[in-house]
Amino acid sequence: MKKMIIAFVALLMMSTPASAYQSVRLTINDGIADGPLKKQIEVAASTLITELNRAQERDTASLNLSPAYVSPEAQDGINKLWRNEHFQCVESEIVERLLTTRDGYQVRGIPLIVNAASSNSELGYQEAVINFDRQGIITSFYYTIAPELYSRLRIGQMSDSRHSVQDTQDRLMILDYVEHFRTAYNQKDLKFLRQVFSDDALIITGKVVQVRRSEVVPTGNRIVYTTQTKQQYLENLARAFRAASYINVAFDDILIVNHPTIKDVYGVTVHQKWHTNRYSDEGYVFMVWDFRNPDAPQIHVRTWQPEYIDRANGQRLNPNDVFTLGDFDL
(Lines give C-alpha, C1' and ligand atoms only; values in the text may rest on other atoms or scores of the structure.)
Protein backbone atom coordinates (compact mmCIF):
# COMPACT_ATOMS: atom_id res chain seq x y z
CA MET A 1 0.00 0.00 0.00
CA LYS A 2 2.84 2.41 0.85
CA LYS A 3 4.43 1.89 -2.59
CA MET A 4 1.07 2.48 -4.30
CA ILE A 5 0.61 5.76 -2.42
CA ILE A 6 4.12 6.92 -3.33
CA ALA A 7 3.56 6.05 -6.98
CA PHE A 8 0.24 7.95 -6.96
CA VAL A 9 1.89 11.00 -5.41
CA ALA A 10 4.64 10.73 -8.02
CA LEU A 11 2.06 10.91 -10.81
CA LEU A 12 0.55 14.00 -9.24
CA MET A 13 3.98 15.58 -8.92
CA MET A 14 4.75 14.90 -12.58
CA SER A 15 1.60 16.76 -13.62
CA THR A 16 1.84 19.60 -11.10
CA PRO A 17 4.88 21.92 -11.11
CA ALA A 18 6.49 22.41 -7.70
CA SER A 19 7.26 25.85 -6.36
CA ALA A 20 10.52 24.93 -4.64
CA TYR A 21 12.69 21.89 -4.27
CA GLN A 22 11.99 19.64 -1.33
CA SER A 23 14.49 18.76 1.37
CA VAL A 24 14.53 15.05 2.18
CA ARG A 25 15.42 13.35 5.43
CA LEU A 26 16.38 9.69 5.51
CA THR A 27 15.89 7.89 8.83
CA ILE A 28 17.24 4.40 9.48
CA ASN A 29 14.91 2.47 11.76
CA ASP A 30 16.83 -0.82 12.03
CA GLY A 31 19.97 -2.68 11.00
CA ILE A 32 22.75 -0.78 12.79
CA ALA A 33 23.77 -0.20 16.41
CA ASP A 34 26.68 2.21 15.82
CA GLY A 35 25.12 5.64 16.49
CA PRO A 36 27.76 7.89 14.83
CA LEU A 37 27.92 5.68 11.73
CA LYS A 38 24.13 5.60 11.52
CA LYS A 39 24.11 9.41 11.65
CA GLN A 40 26.78 9.62 8.92
CA ILE A 41 24.78 7.36 6.62
CA GLU A 42 21.55 9.26 7.26
CA VAL A 43 23.17 12.64 6.58
CA ALA A 44 25.00 11.38 3.47
CA ALA A 45 21.84 9.94 1.92
CA SER A 46 19.67 12.93 2.93
CA THR A 47 22.20 15.36 1.44
CA LEU A 48 22.42 13.44 -1.83
CA ILE A 49 18.65 13.09 -2.32
CA THR A 50 18.05 16.74 -1.45
CA GLU A 51 20.69 17.75 -4.00
CA LEU A 52 18.89 15.71 -6.66
CA ASN A 53 15.69 17.62 -5.87
CA ARG A 54 17.53 20.96 -6.02
CA ALA A 55 19.10 20.15 -9.38
CA GLN A 56 15.82 18.85 -10.80
CA GLU A 57 13.87 21.90 -9.67
CA ARG A 58 16.45 24.31 -11.09
CA ASP A 59 17.06 22.17 -14.18
CA THR A 60 20.81 22.25 -13.72
CA ALA A 61 23.09 20.21 -15.96
CA SER A 62 25.41 19.15 -13.15
CA LEU A 63 25.15 18.03 -9.54
CA ASN A 64 26.94 19.45 -6.52
CA LEU A 65 28.03 16.27 -4.73
CA SER A 66 30.14 16.61 -1.59
CA PRO A 67 33.23 14.36 -1.29
CA ALA A 68 32.49 14.22 2.44
CA TYR A 69 29.48 12.05 1.60
CA VAL A 70 29.97 10.68 -1.93
CA SER A 71 33.05 8.84 -3.21
CA PRO A 72 34.65 9.89 -6.53
CA GLU A 73 33.46 6.66 -8.18
CA ALA A 74 29.91 7.24 -7.01
CA GLN A 75 30.02 10.86 -8.16
CA ASP A 76 31.06 9.69 -11.61
CA GLY A 77 28.24 7.14 -11.79
CA ILE A 78 25.54 9.49 -10.52
CA ASN A 79 26.64 12.23 -12.92
CA LYS A 80 26.57 9.81 -15.86
CA LEU A 81 23.01 8.90 -14.99
CA TRP A 82 22.07 12.57 -14.48
CA ARG A 83 23.33 13.48 -17.96
CA ASN A 84 20.72 11.16 -19.43
CA GLU A 85 17.92 11.17 -16.87
CA HIS A 86 16.84 13.64 -14.20
CA PHE A 87 15.03 12.44 -11.10
CA GLN A 88 13.57 13.72 -7.88
CA CYS A 89 12.22 12.30 -4.64
CA VAL A 90 8.60 13.10 -3.80
CA GLU A 91 8.90 12.23 -0.11
CA SER A 92 10.06 14.66 2.58
CA GLU A 93 10.98 11.78 4.88
CA ILE A 94 12.09 8.25 4.07
CA VAL A 95 12.26 5.58 6.76
CA GLU A 96 14.10 2.40 5.77
CA ARG A 97 16.09 -0.46 7.25
CA LEU A 98 19.87 -0.55 6.76
CA LEU A 99 21.15 -3.74 5.14
CA THR A 100 24.66 -5.12 5.65
CA THR A 101 26.48 -6.11 2.45
CA ARG A 102 29.82 -7.77 1.75
CA ASP A 103 31.56 -4.38 1.47
CA GLY A 104 29.50 -2.15 3.72
CA TYR A 105 25.86 -1.13 3.92
CA GLN A 106 22.85 -0.52 1.74
CA VAL A 107 19.57 1.41 1.81
CA ARG A 108 16.86 0.44 -0.65
CA GLY A 109 13.49 1.88 -1.57
CA ILE A 110 14.39 5.50 -2.42
CA PRO A 111 11.28 6.68 -4.36
CA LEU A 112 12.00 8.69 -7.51
CA ILE A 113 10.16 10.13 -10.47
CA VAL A 114 12.30 10.18 -13.59
CA ASN A 115 12.36 12.43 -16.67
CA ALA A 116 14.53 12.36 -19.77
CA ALA A 117 17.25 14.98 -19.33
CA SER A 118 17.11 16.17 -22.94
CA SER A 119 13.37 16.61 -23.35
CA ASN A 120 11.92 16.36 -19.82
CA SER A 121 9.69 13.54 -21.10
CA GLU A 122 8.19 11.59 -18.22
CA LEU A 123 9.80 8.16 -17.80
CA GLY A 124 7.80 7.13 -14.75
CA TYR A 125 8.43 5.90 -11.23
CA GLN A 126 11.63 4.20 -10.11
CA GLU A 127 13.23 3.24 -6.84
CA ALA A 128 16.91 3.57 -6.09
CA VAL A 129 19.42 1.78 -3.89
CA ILE A 130 22.32 3.56 -2.20
CA ASN A 131 25.44 1.63 -1.18
CA PHE A 132 27.86 2.83 1.51
CA ASP A 133 31.33 1.75 2.58
CA ARG A 134 32.11 0.88 6.20
CA GLN A 135 32.73 4.56 6.98
CA GLY A 136 29.31 5.61 5.70
CA ILE A 137 30.51 7.16 2.42
CA ILE A 138 28.25 6.60 -0.59
CA THR A 139 29.94 4.24 -3.05
CA SER A 140 27.17 3.77 -5.62
CA PHE A 141 23.64 4.75 -6.58
CA TYR A 142 21.59 2.48 -8.85
CA TYR A 143 18.04 1.94 -9.95
CA THR A 144 16.64 -1.17 -8.28
CA ILE A 145 14.80 -4.06 -9.78
CA ALA A 146 11.03 -3.72 -9.51
CA PRO A 147 10.42 -3.09 -5.77
CA GLU A 148 7.97 -5.92 -5.26
CA LEU A 149 10.52 -8.41 -6.59
CA TYR A 150 13.06 -7.74 -3.88
CA SER A 151 10.77 -8.89 -1.09
CA ARG A 152 10.06 -12.12 -2.89
CA LEU A 153 13.27 -12.64 -4.83
CA ARG A 154 12.75 -16.03 -6.35
CA ILE A 155 15.16 -18.82 -5.47
CA GLY A 156 15.91 -20.70 -8.67
CA GLN A 157 16.02 -24.46 -8.68
CA MET A 158 17.30 -26.75 -11.39
CA SER A 159 16.84 -30.40 -10.43
CA ASP A 160 16.94 -30.14 -6.63
CA SER A 161 17.46 -27.72 -3.77
CA ARG A 162 21.25 -28.15 -3.86
CA HIS A 163 21.30 -25.80 -6.85
CA SER A 164 19.37 -23.03 -5.09
CA VAL A 165 20.97 -19.70 -4.24
CA GLN A 166 20.15 -19.93 -0.55
CA ASP A 167 22.70 -17.60 1.04
CA THR A 168 21.32 -14.12 1.60
CA GLN A 169 24.71 -12.43 1.19
CA ASP A 170 25.28 -14.24 -2.11
CA ARG A 171 21.89 -13.12 -3.38
CA LEU A 172 22.53 -9.52 -2.32
CA MET A 173 25.93 -9.54 -4.04
CA ILE A 174 24.47 -10.92 -7.27
CA LEU A 175 21.52 -8.55 -7.14
CA ASP A 176 23.83 -5.57 -6.57
CA TYR A 177 25.77 -6.31 -9.75
CA VAL A 178 22.62 -7.04 -11.73
CA GLU A 179 21.22 -3.66 -10.67
CA HIS A 180 24.52 -1.97 -11.54
CA PHE A 181 24.42 -3.72 -14.92
CA ARG A 182 20.85 -2.54 -15.54
CA THR A 183 21.67 1.06 -14.53
CA ALA A 184 24.77 1.09 -16.79
CA TYR A 185 22.49 1.12 -19.82
CA ASN A 186 20.60 4.12 -18.43
CA GLN A 187 23.97 5.78 -17.79
CA LYS A 188 25.28 4.84 -21.26
CA ASP A 189 28.30 3.56 -19.36
CA LEU A 190 30.33 1.67 -21.96
CA LYS A 191 33.35 1.58 -19.64
CA PHE A 192 31.55 -0.54 -17.05
CA LEU A 193 29.98 -2.78 -19.69
CA ARG A 194 33.40 -3.32 -21.27
CA GLN A 195 34.74 -4.36 -17.87
CA VAL A 196 31.89 -6.67 -16.91
CA PHE A 197 31.77 -8.71 -20.14
CA SER A 198 34.53 -11.30 -20.39
CA ASP A 199 36.79 -11.03 -23.44
CA ASP A 200 35.30 -14.18 -24.96
CA ALA A 201 31.71 -13.39 -23.99
CA LEU A 202 29.00 -14.91 -26.18
CA ILE A 203 26.24 -12.45 -27.13
CA ILE A 204 23.08 -13.90 -28.70
CA THR A 205 20.18 -11.75 -29.92
CA GLY A 206 16.81 -13.03 -31.11
CA LYS A 207 14.71 -11.28 -33.72
CA VAL A 208 11.23 -12.07 -35.03
CA VAL A 209 11.11 -12.51 -38.81
CA GLN A 210 8.34 -13.47 -41.21
CA VAL A 211 8.65 -16.74 -43.08
CA ARG A 212 6.41 -18.87 -45.23
CA ARG A 213 3.51 -20.32 -43.24
CA SER A 214 3.71 -24.03 -42.66
CA GLU A 215 2.63 -26.69 -40.20
CA VAL A 216 5.80 -26.01 -38.23
CA VAL A 217 5.35 -22.21 -38.37
CA PRO A 218 1.57 -21.66 -38.67
CA THR A 219 1.70 -17.94 -37.85
CA GLY A 220 4.44 -17.17 -40.34
CA ASN A 221 6.58 -15.68 -37.56
CA ARG A 222 9.68 -17.23 -36.06
CA ILE A 223 12.69 -16.10 -34.05
CA VAL A 224 16.11 -16.18 -35.68
CA TYR A 225 19.27 -15.75 -33.65
CA THR A 226 22.50 -13.93 -34.36
CA THR A 227 25.71 -14.12 -32.36
CA GLN A 228 28.16 -11.32 -31.67
CA THR A 229 31.52 -11.02 -30.04
CA LYS A 230 32.01 -8.66 -27.14
CA GLN A 231 33.62 -6.10 -29.46
CA GLN A 232 30.82 -6.29 -32.02
CA TYR A 233 28.17 -5.95 -29.33
CA LEU A 234 29.83 -2.93 -27.72
CA GLU A 235 30.32 -1.21 -31.09
CA ASN A 236 26.63 -1.68 -31.91
CA LEU A 237 25.67 -0.54 -28.41
CA ALA A 238 27.81 2.60 -28.75
CA ARG A 239 25.90 3.51 -31.91
CA ALA A 240 22.60 2.97 -30.11
CA PHE A 241 23.77 5.17 -27.23
CA ARG A 242 24.71 7.96 -29.63
CA ALA A 243 21.43 7.74 -31.54
CA ALA A 244 19.15 7.82 -28.47
CA SER A 245 18.76 10.90 -26.32
CA TYR A 246 18.00 8.61 -23.39
CA ILE A 247 17.83 4.89 -22.66
CA ASN A 248 15.54 3.61 -19.94
CA VAL A 249 15.98 -0.05 -19.04
CA ALA A 250 13.92 -1.83 -16.37
CA PHE A 251 13.97 -5.38 -15.03
CA ASP A 252 10.59 -6.51 -13.69
CA ASP A 253 11.27 -10.18 -13.01
CA ILE A 254 14.39 -12.06 -11.96
CA LEU A 255 15.45 -15.66 -11.42
CA ILE A 256 18.88 -16.58 -10.01
CA VAL A 257 20.16 -20.16 -10.30
CA ASN A 258 23.39 -21.78 -9.14
CA HIS A 259 25.48 -23.61 -11.71
CA PRO A 260 25.15 -27.32 -10.82
CA THR A 261 28.90 -28.05 -10.87
CA ILE A 262 30.85 -24.76 -10.92
CA LYS A 263 30.88 -22.86 -7.62
CA ASP A 264 30.19 -19.13 -7.78
CA VAL A 265 28.80 -19.26 -11.32
CA TYR A 266 25.14 -18.32 -11.70
CA GLY A 267 22.46 -18.13 -14.34
CA VAL A 268 20.38 -14.96 -14.09
CA THR A 269 17.19 -14.50 -16.09
CA VAL A 270 15.38 -11.15 -16.15
CA HIS A 271 12.36 -9.80 -17.96
CA GLN A 272 13.58 -6.57 -19.54
CA LYS A 273 11.77 -3.48 -20.76
CA TRP A 274 13.89 -1.32 -23.07
CA HIS A 275 12.61 2.16 -23.91
CA THR A 276 14.26 5.04 -25.76
CA ASN A 277 13.02 8.05 -27.71
CA ARG A 278 13.52 5.93 -30.85
CA TYR A 279 12.67 2.34 -29.99
CA SER A 280 10.99 0.14 -27.37
CA ASP A 281 10.79 -3.58 -26.77
CA GLU A 282 10.22 -6.22 -24.09
CA GLY A 283 11.86 -9.60 -23.74
CA TYR A 284 14.00 -11.97 -21.72
CA VAL A 285 17.66 -11.48 -20.96
CA PHE A 286 19.64 -14.47 -19.73
CA MET A 287 23.17 -14.04 -18.38
CA VAL A 288 25.88 -16.31 -17.04
CA TRP A 289 27.61 -14.44 -14.21
CA ASP A 290 30.98 -15.60 -12.88
CA PHE A 291 31.72 -14.50 -9.30
CA ARG A 292 34.83 -16.61 -8.76
CA ASN A 293 36.63 -13.28 -8.47
CA PRO A 294 34.05 -11.39 -6.36
CA ASP A 295 35.89 -8.10 -6.81
CA ALA A 296 35.63 -8.30 -10.61
CA PRO A 297 32.70 -10.55 -11.63
CA GLN A 298 32.20 -11.13 -15.33
CA ILE A 299 29.43 -12.07 -17.74
CA HIS A 300 30.31 -14.95 -20.08
CA VAL A 301 26.95 -15.21 -21.86
CA ARG A 302 24.19 -12.70 -22.57
CA THR A 303 21.12 -13.56 -24.60
CA TRP A 304 18.04 -11.58 -25.54
CA GLN A 305 14.76 -13.07 -26.74
CA PRO A 306 11.61 -11.11 -27.62
CA GLU A 307 8.61 -11.70 -25.39
CA TYR A 308 6.21 -11.93 -28.33
CA ILE A 309 6.53 -14.03 -31.44
CA ASP A 310 3.30 -12.53 -32.77
CA ARG A 311 2.14 -9.59 -30.66
CA ALA A 312 -0.93 -8.89 -32.80
CA ASN A 313 -2.30 -12.36 -32.07
CA GLY A 314 -1.00 -12.53 -28.51
CA GLN A 315 1.51 -15.32 -29.20
CA ARG A 316 4.27 -15.17 -26.58
CA LEU A 317 7.57 -16.96 -26.44
CA ASN A 318 7.10 -20.34 -24.77
CA PRO A 319 8.69 -20.12 -21.28
CA ASN A 320 10.39 -23.45 -21.99
CA ASP A 321 12.22 -21.81 -24.90
CA VAL A 322 13.87 -19.12 -22.75
CA PHE A 323 17.60 -19.80 -22.49
CA THR A 324 18.93 -21.36 -19.28
CA LEU A 325 22.24 -22.60 -17.91
CA GLY A 326 21.57 -26.00 -19.44
CA ASP A 327 21.83 -24.51 -22.95
CA PHE A 328 25.50 -23.60 -22.56
CA ASP A 329 28.60 -25.71 -22.04
CA LEU A 330 30.90 -23.90 -19.64
Side-chain angles (χ1 to χ4, degrees), residues 1-11 13 21-56 63 65-66 68-71 74-75 77-78 81-82 85 87-114 124-153 168-180 182-183 186 250-252 254:
M1 180 63 70
K2 175 185 175 184
K3 304 300 184 187
M4 293 176 62
I5 293 172
I6 292 173
F8 178 70
V9 173
L11 290 174
M13 290 287 290
Y21 74 89
Q22 181 165 266
S23 296
V24 180
R25 177 182 177 183
L26 173 77
T27 300
I28 296 171
N29 64 354
D30 193 14
I32 187 171
D34 185 328
L37 179 56
K38 174 178 177 290
K39 182 66 174 179
Q40 162 70 20
I41 291 172
E42 289 175 333
V43 172
S46 300
T47 302
L48 168 61
I49 302 167
T50 298
E51 169 58 17
L52 298 177
N53 283 358
R54 183 203 66 82
Q56 168 72 2
L63 298 169
L65 303 176
S66 170
Y69 302 124
V70 187
S71 72
Q75 290 190 39
I78 296 168
L81 190 57
W82 188 257
E85 298 176 0
F87 29 89
Q88 62 179 321
C89 179
V90 300
E91 294 286 285
S92 61
E93 184 169 11
I94 302 169
V95 180
E96 290 290 342
R97 183 175 186 271
L98 188 68
L99 302 174
T100 300
T101 65
R102 186 172 66 91
D103 299 316
Y105 305 95
Q106 184 181 93
V107 172
R108 304 183 66 85
I110 308 301
L112 302 172
I113 53 174
V114 183
Y125 175 77
Q126 294 281 358
E127 291 192 9
V129 53
I130 305 176
N131 285 296
F132 306 83
D133 64 18
R134 299 193 184 281
Q135 287 70 51
I137 303 298
I138 294 171
T139 57
S140 61
F141 176 97
Y142 310 138
Y143 291 150
T144 65
I145 61 171
E148 64 273 13
L149 294 179
Y150 180 76
S151 60
R152 59 177 181 86
L153 182 62
T168 301
Q169 289 298 315
D170 284 352
R171 281 184 284 149
L172 282 175
M173 177 181 66
I174 297 165
L175 181 59
D176 185 60
Y177 274 99
V178 169
E179 289 176 334
H180 189 174
R182 171 259 177 119
T183 306
N186 297 57
F251 295 162
D252 61 6
I254 184 168

If I take atom [atom1] from residue [X] and atom [atom2] from residue [Y], how far apart are they, to the nearest 0.5 angstrom?
X      : Y      : atom1 : atom2 : answer
Ile130 : Thr139 : CD1   : OG1   : 10.0 Å
Asn53  : Cys89  : CG    : SG    : 6.0 Å
Ile41  : Thr27  : CD1   : OG1   : 13.0 Å
Tyr69  : Ser46  : OH    : OG    : 9.5 Å
Glu127 : Ile110 : CD    : CD1   : 8.5 Å
Glu179 : Ser140 : CD    : OG    : 9.5 Å

With sequence neighbours left out, write down each residue that passes side chain to side chain donor-acceptor pair (under 3.5 Å) with [X], or none if nothing qualifies.
X      : answer
Gln75  : none
Asp176 : Asn131
Gln40  : none
Ser66  : none

**Prompt:** Where is the tightest heavy-atom contact between Gln106 and Thr101, given as atom of each residue plus distance?
**Reply:**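 For Gln106 versus Thr101, the nearest heavy atoms are CB-CG2, 3.7 Å.
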
**Asked** Looking only at heavy atoms, what is the nearest atom pair of Leu37 and Gly136, with distance?
**Response**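 Smallest interatomic distance, heavy atoms only, reads CD1-N, 3.6 Å.
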
Contact between [X] and [Y] at the side-chain level, heavy atoms closer than 4.5 Å - yes or no?
X      : Y      : answer
Glu96  : Ile28  : no
Asp133 : Ile138 : no
Leu98  : Val107 : yes
Leu48  : Ile78  : yes
Ile137 : Val70  : no

**Thr144 (side chain) donor-acceptor with Val129 (main chain) under 3.5 angstrom** =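 Flag not set: sc Thr144 to bb Val129 has no pair under 3.5 Å.
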
**Message:** For Tyr105, is there any backbone N or O sitting under 3.5 Å from a side-chain donor or acceptor partner on Thr100?
**Reply:**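 Answer holds: no.
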
**Message:** List the residues meeting ring pair (Phe, Tyr, Trp, His ring centres under 6.0 Å) with Phe141, not counting sequence neighbours, and say none if there are none.
**Reply:**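 Once residues adjacent in sequence are excluded, the partners of Phe141 under the ring pair (Phe, Tyr, Trp, His ring centres under 6.0 Å) criterion are Phe87.
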
**Message:** Could you work out, with ring pair (Phe, Tyr, Trp, His ring centres under 6.0 Å) as the rule, every residue matching Phe251, not counting sequence neighbours?
**Reply:**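 Ring pair (Phe, Tyr, Trp, His ring centres under 6.0 Å) list for Phe251, sorted by chain: empty.
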
**Asked** Where do Val90 and Leu112 land on the side chain to side chain contact (heavy atoms under 4.5 Å, CB included) test, with the steps shown first?
**Response** CA-CA 7 Å; Val90 300; Leu112 302 172; over 6 Å; no

**Item:** Pairs satisfying salt bridge (charged side-chain N to carboxylate O under 4.0 Å, His left out), at least one member in residues 24-34, at least two apart
**Value:**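 Non-adjacent pairs meeting salt bridge (charged side-chain N to carboxylate O under 4.0 Å, His left out): Asp30-Arg97.
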
**Asked** Asn186: what forms a side-chain contact (heavy atoms from CB on, under 4.5 Å) with it, not counting sequence neighbours?
**Response**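 By the side-chain contact (heavy atoms from CB on, under 4.5 Å) rule, Asn186 matches Leu81, Glu85, Tyr143, Arg182, Asn248, Val249.
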
**Message:** The criterion is side-chain contact (heavy atoms from CB on, under 4.5 Å); which residues satisfy it with Asp103, sequence neighbours excluded?
**Reply:**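 side-chain contact (heavy atoms from CB on, under 4.5 Å) list for Asp103, sorted by chain: empty.
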
**Asked** Side chains of Gln56 and Arg54: is there a donor and an acceptor less than 3.5 Å apart?
**Response**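 Checked: Gln56/Arg54 side chains show no N/O donor-acceptor pair below 3.5 Å.
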
**Message:** For a side chain to side chain contact (heavy atoms under 4.5 Å, CB included) check, start with the C-alpha distance between Leu175 and Arg108, then their side-chain angles and the critical distance, and finish with the verdict.
**Reply:** CA-CA 12 Å; Leu175 181 59; Arg108 304 183 66 85; 3.9 Å; yes

**Message:** I'd like to check the salt bridge (charged side-chain N to carboxylate O under 4.0 Å, His left out) partners of Arg134; sequence neighbours left out, ordered by chain and number.
**Reply:**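 So Arg134 forms no salt bridge (charged side-chain N to carboxylate O under 4.0 Å, His left out) with any residue.
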
